[in-house]
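Taking it in order: structure first as structure tokens, then the write-up.
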Amino acid sequence: MLNLKIASVTVLLCLSSGGAWAQEQIINAYGRDSQSLNGEWHAIIDPYERGRWDMWKNRKPQNNNEFREYSFDEGLTLNVPGDFNSQLPELKYYEGTVWYGRYFDIPEPKPGEKLLLYFAGVANVADVYLNAEPIGHHEGGFTPFQFDITDKVKGRDNFIAVAVNNNRRPDAIPAMNFDWWNYGGITRDVFVIRVPEEHIADYYIRLDKEDPELIHADVALSTPSEGETVTLTIPELKISRKLITDSNGKASTSVKAKKLVRWDIDNPKLYNVTLTTDRDTVSEEIGFRNIRTRGTEVLLNDRPVFLCGVSFHEEIPQRKGRAFSDADAAMLLNEAKDLGVNFIRLAHYPQNEHTVRMAEKMGFMLWEEIPIWQGIDFANDSTQAKARRMMSEMVNRDKNRAALAIWGIANETRPSEARNAFLAMMKETAQAIDDTKLISAAFDNSNWNKDSKCWEITNDAALDLVDVVGINKYVGWYDNWRVDPSEMSWNVKREKPLVFTEFGGEAQYGRHGNGDAKWSWSEDYQAELYRKNLRMFENVPNLAGVSPWILFDFRSPTRFSPLQGLEFNRKGLTSDRGERKEAWYIMRDYYSTKNKNR
């Protein structure tokens, strides 16, 4: 029986505020009986952290001799979900604390019921208070967390306060410097889940790594209750299997599923799966597929698949704000579909569950990673603990998704003993929860060997950790062409599949002219750069896929040239207004040829 892990933090650590770390997350939160807390929240901007004293108590003057120097009840409001930077001009560059507060009513829990306050994502640090009591803390802007509020709610006029802070810190993940906008706020859904006191807290249901007809299922109850019956049903496959829990409240089974149709990029088949106990029932759609490598190939359902990829940020560039809804997911994913991709790298952090689940239904294979991106303090014990927890939260949330093909453990990091040990820990953490996905990392430390006319990576032990090698290399942009692309090759782990996870260059949509100069920011230069990279890829013997950087122009506070368009990274195939650049059509035609040959 596999060791089910709901989260990596199993011991609640008290904070100075009296709260605790967020608790183990429930699986399939969106499939539960819930009450949404989305909508307008009251807000107070607190750059000097004065609210830490007692703002969370939401006190009111009790007589004519009292006053309070704050109020949630009148003034600023912010939409939840949503980042605060795009909702108010004064907050465009703001990095600091914003207090969110709102009142809500909810039917009080009946005997034998629990209420769980669930946050799908808060960027980047959240301290949560309910009815003038601290209830918990979470760090990590892109993974979900929850608190048991059963004994803290009342039927009417509950007040929840959340101190949200997006300050960059050296010990954070990501750390001080990253090339995307540092959106802060309650950026994803908030809701209260109602479950039986003893409920199905976790499950992991998947196809065997190689056998196309063998389904494995592991289930964990919320309490260590022995001898409980859990019934697994998959009606379309005529499966009904009873599992009996052990002394830890866990149970496992394996069952043959004849005539199973595997999830595939051309036929993203999902089955309705239900788990039932005497007290609880939970259902969701789950797909089953096999993914592995064979030499230099990636095999999906035993067939080689070339990864026709692209990346995008969790951002709607036209709105200059975080993506958070089904409508936002549809906009991003439909543009990827039109490009002809079958693979999306969700860079550089776990994106919201709306995007992940919609991508699965549309037939996209996914790469998902936590933001281990340059500048990480790999030797810091606190940073290590945060990374382990974030990886656990990401993998637990999405381990049942057939679309997830690759867990990414790093992006553009430099070799060192501390870094190598850190990445080994990331791989171990992911595989202890879910061992059916491939492991990869994106490397940007390749060097040119002028004698062999090859790009090489030497002396990087992390290459041995991965199943698929990711390469970030901007030849023709950050690196100049050393020889003609037709003569340029790569010699990196030739016994493993290699995917170009980033390549490209910047261009302003509609700017034409000097196609030889990088500084022109012209579509002409970007288009020719793409043609040359595609020619170079023909010389890569272990090439298993390509994923240009990036689908849309995205906001970045490190871009200052007026010709560049100010505050935007212009590497997108599509502009921030949704206009397709010439390079978009080059990649569409390339993918069309690859897909015809599949």
Side-chain angles (χ1 to χ4, degrees), residues 2-13 21-25 124-125 137-145 169-176 178 202 204 209 293 345-350 366-399 404-445 457 459-470 472 493 496 501:
L2 290 175
N3 180 23
L4 277 175
K5 295 183 179 181
I6 304 171
S8 60
V9 178
T10 57
V11 178
L12 297 182
L13 304 176
W21 286 106
Q23 298 152 359
E24 297 176 336
Q25 70 206 67
N124 291 321
V125 179
H137 169 91
H138 182 265
E139 181 171 346
F142 307 103
T143 49
F145 59 98
R169 303 195 318 275
D171 67 338
I173 300 173
M176 295 297 292
F178 43 91
D202 195 14
Y204 177 35
K209 286 189 284 187
T293 63
R345 182 179 175 216
L346 297 173
H348 287 294
Y349 38 79
L366 299 176
W367 162 320
E368 195 167 40
E369 63 194 55
I370 64 171
I372 305 297
W373 190 83
Q374 302 185 7
I376 300 295
D377 188 354
F378 293 114
N380 185 300
D381 290 343
S382 172
T383 303
Q384 293 174 18
K386 292 170 188 175
R388 189 182 296 111
R389 186 179 65 251
M390 291 179 194
M391 178 66 78
S392 296
E393 290 169 343
M394 175 183 73
V395 175
N396 272 298
R397 190 193 74 175
D398 292 334
K399 64 192 174 194
L404 253 297
I406 295 173
W407 297 126
I409 58 174
N411 180 69
E412 298 186 357
T413 59
R414 294 292 177 268
S416 70
E417 288 188 11
R419 174 269 210 167
N420 295 344
F422 191 103
L423 299 195
M425 176 192 71
M426 289 291 92
K427 176 179 178 178
E428 180 184 5
T429 300
Q431 292 189 325
I433 303 169
D434 172 22
D435 63 351
T436 69
K437 316 291 193 293
L438 304 177
I439 298 293
S440 189
F443 297 86
D444 74 333
N445 52 336
I457 298 179
N459 194 29
D460 193 335
L463 286 169
D464 295 325
L465 294 174
V466 301
D467 302 303
V468 177
V469 177
N472 293 358
K493 279 290 177 182
K496 292 185 177 184
T501 38

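Counting begins at 1 with the first residue of the sequence. What you see below is based on every heavy atom in this structure, not just the backbone, and it leaves out hydrogens, waters and symmetry mates.
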State which residues pass ring-ring contact (aromatic ring centres under 6.0 Å, His included) with F142; sequence neighbours excluded, sorted by chain then number. Y349
How would you list, by chain and number, every residue that makes a side-chain contact (heavy atoms from CB on, under 4.5 Å) with A347, sequence neighbours excluded? S311, R345, W549
Would you please name every residue forming a side-chain hydrogen bond (donor to acceptor under 3.5 Å, both in side chains) with R397, sequence neighbours left out? E368
Going by side-chain hydrogen bond (donor to acceptor under 3.5 Å, both in side chains), name the residues that satisfy it together with D434, two or more places apart in sequence or in a different chain. Y204, W407, T436, K437
Partners passing side-chain hydrogen bond (donor to acceptor under 3.5 Å, both in side chains) against N459 (at least two apart in sequence or in another chain): none
Going by side-chain contact (heavy atoms from CB on, under 4.5 Å), name the residues that satisfy it together with T143, two or more places apart in sequence or in a different chain. H138, P350, E393, M394
Under the salt bridge (Lys or Arg N to Asp or Glu O under 4.0 Å) test, residues paired with D467 that sit two or more places apart: none
When rounded to the nearest 0.5 angstrom, what is the spacing between CE in M391 and CD in Q431? 10.0 Å
Taking only residues two or more places apart in sequence, or in another chain, which ones meet K386 in a salt bridge (Lys or Arg N to Asp or Glu O under 4.0 Å)? E139, D171
Just jot down the ring-ring contact (aromatic ring centres under 6.0 Å, His included) partners of F422, sequence neighbours excluded, or say none. F378
Listed partners of K427 passing salt bridge (Lys or Arg N to Asp or Glu O under 4.0 Å), at least two apart: none
Only pairs under 3.5 Å count here: list side-chain donor-acceptor contacts from residues 370-377, not counting sequence neighbours, and write none if there are none.
{"from": "Q374", "atom 1": "NE2", "to": "E412", "atom 2": "OE1", "distance (Å)": "2.7"}

Listed by chain and number, what are the side-chain hydrogen bond (donor to acceptor under 3.5 Å, both in side chains) partners of D444, not counting sequence neighbours? R414
Tell me if a side-chain donor or acceptor on K496 pairs with a main-chain N or O of V466 at a distance below 3.5 Å. yes
